[in-house]
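Reviewing the structure listed below.
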Amino acid sequence: MTAENDDTMLGRARVSDTPELTAYYGELAGLEAGALWTVANEIEPWFPQPKSVPVLWRYEELRPLVHKALDLVKADDAGRRVVMLVNPGRKDVSAAAGLLYTGLQIMGPGEAMTAHRHQAAALRFVQEGTGAWTIVDGQKLKVGARDFAITPNGTWHEHGNDSDDAPVIWQDGLDIPLVNALDAGFYEVHPDLYQTPGKVINSSVLTYGGNLLPYGVEKWTRPYSPLLAYPWEPTYAALRDLAKTTDGSPYDGVIMEYTNPLTGGSVMPTMSAHMQLLRPGQATRAHRHTGSVIYTAAKGHGVSVIAGQRFAWKQGDIFCVPSWAWHEHENLDQSEDACLFSFNDFPVMRSLGFFREEAYTANDGHQPVT
Ligand code: GTQ
């Protein structure tokens, strides 16, 4: 941008070191104190300066290593058998981008993990396998490929795979780095190690999954969606239907947010998720916003340009867009649509008044690729 981003201007910290000042800083440090003007420009940047960098994780490359974990560690010993995706700029907090964590969890045929609960909220996007189940606060859910499910903060949860021949791999998304940044983490193992689930499988989907408000059920007062799972087929059908009525967003194509059916708001207070459809050959325009996003290619293949870098993806691949990074997506298939699943920390940005968005206006809305 322009002169307003010049750190030497009046109004910005611009004090040069002198022997007297250096000695003074030493005296302050001795009292666990410091001079603001030595760090002011760094701690109050002109615009967000994420340590996270854009990264693409190729499923094809990770999958064999995720499978290897099946042989190397027992589920009971690992607690959760997960290969984390770690941003090179965020290794200190195990984040994939910003304050969001993600990983690939594998469960072998017949396996069942023990139950726990924690302050962090979790979500799941199933990559492969047919036998995945999870029990969330006593409610058993079965999830298949490309289904989305939530494990809100504080809910007891345990997972497993009831297939007798194939492993399940699903992607976990958690707000662990956010919870830790706020020094608010708690963790408990279930007193009985396993929950006793209610008899009806997928009861939240049966109760709340029909676009109709159920009567005669217990009033829902919790701060997260009563619908705990969002199967792929109706999600994809909803996108295809929406595509018949609108061009969608110039930046995201045809995009829909998974919502709490009672409020229309995000599924959980700290994380939200979307599924978007890019028409055959569609190239979106670039924009940027505060908030970090982790994408998973759910269908098809394409390319995304993130902060001027080109990332080619196909189904199963995961990539991240750090806060305030320009990004645009393109479906490279000329006859089939492509779909991107994503989750983000927008609810945090919005509720704290931090959300900002900007369109890339130069060059017909497309970034130069470096
Ligand atoms: O499934 O409970 O990838 O607690 C990381 C932490 C999964 C889980 C992760 C967790 C879980």
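Atoms within a ligand are numbered from 1 in the order they appear, just like the ligands themselves. If you're wondering where the values come from, they're calculated on a predicted model, not measured in any experiment.
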- request: Could you tell me whether F186 atom CZ has more than 12 heavy atoms of other residues or ligands within 6.0 Å of it?
  value: no
query: What residue and heavy atom of the protein are closest to atom 7 (C) of ligand 1, and at what distance?
result: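 Protein heavy atom with the smallest distance to atom 7 (C) of ligand 1: D172 OD2, 3.3 Å.
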task: Measure the distance from atom 5 (C) of ligand 1 to every protein heavy atom, then report the residue, atom name and distance (to 0.1 Å) of the closest one.
output: Y101 OH, 3.5 Å
Which of the numbered atoms in ligand 1 are under 4.0 angstrom from any heavy atom belonging to [X]?
{"X": "H157", "result": "2 (O), 8 (C)"}
{"X": "H116", "result": "2 (O), 4 (O), 8 (C)"}
{"X": "Q105", "result": "1 (O), 7 (C)"}
{"X": "R80", "result": "1 (O), 2 (O), 8 (C), 11 (C)"}
{"X": "H159", "result": "1 (O), 2 (O), 8 (C)"}

Y187, any N or O under 3.5 Å of ligand 1 N or O: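 In fact, backbone or side chain, Y187 has no N or O that close.
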query: Hey, is the main chain of P347 close enough, under 3.5 Å, to the side chain of S266 for a donor-acceptor pair?
result: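 Side chain of S266 to backbone of P347, a donor-acceptor pair under 3.5 Å: no, none is there.
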message: Any side-chain to backbone donor/acceptor pair from N260 onto L262? Under 3.5 Å, distance only.
response: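 The answer is yes, because a donor-acceptor pair under 3.5 Å joins these two groups.
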field: M84 heavy atom under 4.0 Å from ligand 1
entry: no
- prompt: How does L174 reach ligand 1, if at all, at less than 4.0 Å between non-hydrogen atoms: by side chain, backbone, both, or neither?
  reply: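 Side chain only; the backbone of L174 stays clear of ligand 1.
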- prompt: Is it the case that N87 and Y101 place a side-chain donor and acceptor less than 3.5 Å from each other?
  reply: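 Their side chains do not contain a donor-acceptor pair, so the 3.5 Å distance test is not met.
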task: May I ask you to check whether H190 and H116 show a side-chain donor-acceptor distance below 3.5 Å?
output: no
field: Candidate pair Y295 and F341, rule ring-ring contact (aromatic ring centres under 6.0 Å, His included), full reasoning
entry: CA-CA 6 Å; Y295 289 87; F341 166 81; 9.2 Å; no
- prompt: Is the shortest distance from a Lys or Arg side-chain nitrogen in D6 or R12 to a carboxylate oxygen in the other one below 4.0 Å?
  reply: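 R12 and D6: not salt-bridged.
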message: One thing to verify: whether K244 and D241 come together as a salt bridge, which I'm taking to mean a side-chain N less than 4.0 angstrom from a carboxylate O.
response: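 Judged by the 4.0 Å cut-off on N to carboxylate O distance, D241 and K244 do form a salt bridge.
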query: For atom 4 (O) of ligand 1, which candidate among H118, E158, R124 holds the nearest heavy atom?
result: H118
